[in-house]
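Quick notes on the structure that follows.
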Amino acid sequence: MAAAGGDGRDGFVLGLDLGTSSVKAVLLQAGPHGRPLVPTASASRATRADVSPSGEAGPRGQEQDVHRILQALSECLRALPMWQLQSVRGIGVSGQMHGVMFWKSHQACSWTENGPHGIFEPQQVSRLITWQDGRCTNSFLESLPQPESHLSVATGFGSATIYWLSRHSPEFLKPYSAAGTIQDYVVAMLCGLQRPLMSDHNAASWGYFNTDSRSWNSRILEESGFPTHLLPDVAEAGTIAGWSAHQWFGIPQGTRVGVALGDLQCSVYSCMSRSTDAVLNISTSVQLAASMPPGFKPAKCPDPSAPVAYFPYFNRTYLGVAASLNGGNVLATFVTMLAQWMADLGLDVLETLIYSQMIQTALAQTDTPLIINPTLLGERHLPEEQASVSSISPSNLSLGHVTRALCRGIVQNIHAMLPSQQLKAWGIERVIGSGSALSRNEVLRQEAEKAFPLPFSYGQDVDAAAGAALVMLQESARGDS
């Protein structure tokens, strides 16, 4: 069956990435046999979606306004050429993993015609509780049953968040009949799915999911009082979730829509050209990933203290991943701190100006004895870890010294989790850098190349969106053949 907007030999594929701090969209032109030709257009918009946590979560909560995320998505699509959108024959979607939002089936959105644009707006939906959420304390996590999975459960994981809500705010869950990641919600709304469909990427990121059987730990969850009716159905990454139920910004009704994917896997997919590549992604957080050989199976029991985890990739393979919670968000916190200090002194300076100036001063300061451990948010394998600064002297307190040390600390933290020696033992011969923070920060790139003594190359700022489009392009080629 050919998708609307093309006969399988031409047209465009749209890739979307719903990230923590921004939404990105990219159009790829599809060539013969599904081969991508070139990215023809792209757009990125900041979400500015962070809101104060509600209820009992307190300051440890991290929540986002779904309406603002969808507004940023709409702005991205409006920025793309209409004639290309009208020729889109497939939509691939990725997004931030681990997080969870809730909605009421049949009432989760409303579709309206806005000029030539069909558009949907959220209706009966909750906020998005993100992967950065810290409401699940160590003692709370220890009270949860042991998962039947090789992956442990941490705060910010969807299943842990739902457990917390069911115990601390059961009234909150009552109005809702569906749950998923933000990208699962978008796919469900595009396809008119009354029950959400989730890829094994996102299911594994929630926890209590067995990647071998591709199934939830239903018995364990039910016996411990988990509201299992909220769990989405699960499909293999790279398959079709459905077909668009409405025209959407000129994209024809009946266009294929892929099941939503993890942003990490999509970033790797768009960058990694051979199995001997590793991908270092520095955006809001940091991930260093390498593909495991075919047939690799992770240990059956989770090890919460291990800095490397194994997440499902494509075609029943795995990625070995060191995932740090501390990346571009730490730099953003530093910038916000400087802006607040200046405001306290009666000066009003744009954060964008502060950021560019601190990078310039760090480029001029090529080395520093100052040491910054940047783990403001702890790490999943070291949840009590805190940030620290050492080797302070009167001569290394300049903005250049501090910025250089902060960028170095971010890179050295991920290197400590997955050292270059381990990468070489896995047969890695090259590191590919990707992510918005890395692409915009030459100091981070310099420090990454020092820490990992391997050949380096770089991807683009829209790698996850491009990866989602590439996956969809290949699926469309299979479907049209």
Side-chain angles (χ1 to χ4, degrees), residues 1-19 22-45 70 72-95 111 113-120 183 186-187 189-191 237-261 263 265-267 269-271 314 434 459-481:
M1 175 179 180
D7 63 0
R9 297 187 298 273
D10 53 15
F12 299 87
V13 176
L14 174 67
L16 304 173
D17 178 45
L18 303 160
S22 64
V23 172
K24 298 181 176 71
V26 63
L27 282 164
L28 298 183
Q29 188 171 15
H33 310 296
R35 292 194 185 98
L37 297 181
V38 289
T40 60
S42 64
S44 177
R45 295 292 185 273
L70 269 294
L73 174 60
S74 296
E75 290 172 1
C76 281
L77 291 170
R78 287 192 186 97
L80 298 177
M82 171 62 74
W83 70 271
Q84 293 184 15
L85 291 173
Q86 290 171 336
S87 297
V88 163
R89 61 183 180 88
I91 303 171
V93 184
S94 75
W111 281 89
E113 293 295 329
N114 185 6
H117 306 299
I119 185 172
F120 72 90
Q183 58 268 30
V186 168
V187 168
M189 298 307 102
L190 287 178
C191 299
T239 57
I240 292 297
W243 289 261
S244 57
H246 301 265
Q247 181 184 6
W248 188 46
F249 287 94
I251 300 170
Q253 181 181 2
T255 299
R256 281 193 183 97
V257 183
V259 64
L261 307 170
D263 53 359
Q265 289 89 338
C266 286
S267 292
Y269 193 83
S270 69
C271 294
F314 295 100
S434 72
Q460 302 176 10
D461 191 17
V462 291
D463 284 331
L470 286 168
V471 172
M472 192 63 210
L473 190 64
Q474 292 199 357
E475 198 289 330
S476 294
R478 288 195 300 268
D480 292 334
S481 62

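Since we're looking at a predicted model, the values are computed, not measured.
Across every non-hydrogen atom of Pro81 and Ala41, the tightest pair is CD-CB, 3.6 Å. The heavy-atom pair separating Arg78 from Phe249 by the smallest distance is CG-CE2, 3.5 Å. Listed here is the closest heavy atom pair of Gln86 and Pro252: O-CG, 3.5 Å. For the pair Phe120 and Met189, the tightest heavy-atom approach, listed with the atom from each and the gap, is CE1-CB, 3.8 Å. Shown here for Gln183 and Ala260, the closest heavy-atom pair between the two residues is CG-CB, 3.5 Å. Shortest non-hydrogen contact noted between Leu261 and Gly238 is CD2-N, 3.7 Å.
The distance from the CG atom of Leu27 to the CG atom of Leu85 is 5.5 Å, given to the nearest 0.5 Å. Distance check, rounded to the nearest 0.5 Å: CH2 of Trp111 to CD1 of Ile119 gives 8.5 Å. Gln247 CD to Thr255 OG1: the interatomic distance, rounded to the nearest 0.5 Å, is 9.5 Å. In this structure, CG in Leu14 is found 15.0 Å from CZ in Arg256, a value given to the nearest 0.5 Å.
Ile91 has its side chain within reach of Trp248: a pair of non-hydrogen atoms, C-beta onward, lies under 4.5 Å apart. Considering only heavy atoms from C-beta on, Asp17 stays 4.5 Å or farther from Cys266 through its side chain. Taking 4.5 Å as the limit, every side-chain heavy atom of Thr40 sits out of range of all side-chain heavy atoms of Leu80. You'll find the side chain of Gln474 stays beyond 4.5 Å of the side chain of Phe314, heavy atoms only. Looking only at side-chain heavy atoms (C-beta outward), Arg89 and Leu473 come within less than 4.5 Å of each other. Residues Leu16 and Leu77 are in side-chain contact: their nearest non-hydrogen atoms beyond the backbone lie under 4.5 Å apart. Inter-residue side-chain proximity for Leu18 and Val93 is flagged as met; some heavy-atom pair is nearer than 4.5 Å.
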- Verdict with reasoning, Met472 to Ile240, per side-chain contact (heavy atoms from CB on, under 4.5 Å): CA-CA 8 Å; Met472 192 63 210; Ile240 292 297; 3.1 Å; yes
- Message: Go through it in stages, so that I can follow the logic: the residues are Ser94 and Asp263, the test is side chain to side chain donor-acceptor pair (under 3.5 Å), and I'd like the CA-CA distance, side-chain angles, deciding distance and then a yes or no.
- Response: CA-CA 5 Å; Ser94 75; Asp263 53 359; over 6 Å; no
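Between the side chain of Ser22 and the main chain of Ser44, no donor-acceptor pair closer than 3.5 Å is present. Judged purely by atom type and a 3.5 angstrom limit, Ser270 has no side-chain atom pairing as donor or acceptor with the backbone of Ala465.
Classification of the Phe12-Trp83 ring pair by plane angle, with boundaries at 30° and 60°, yields perpendicular.
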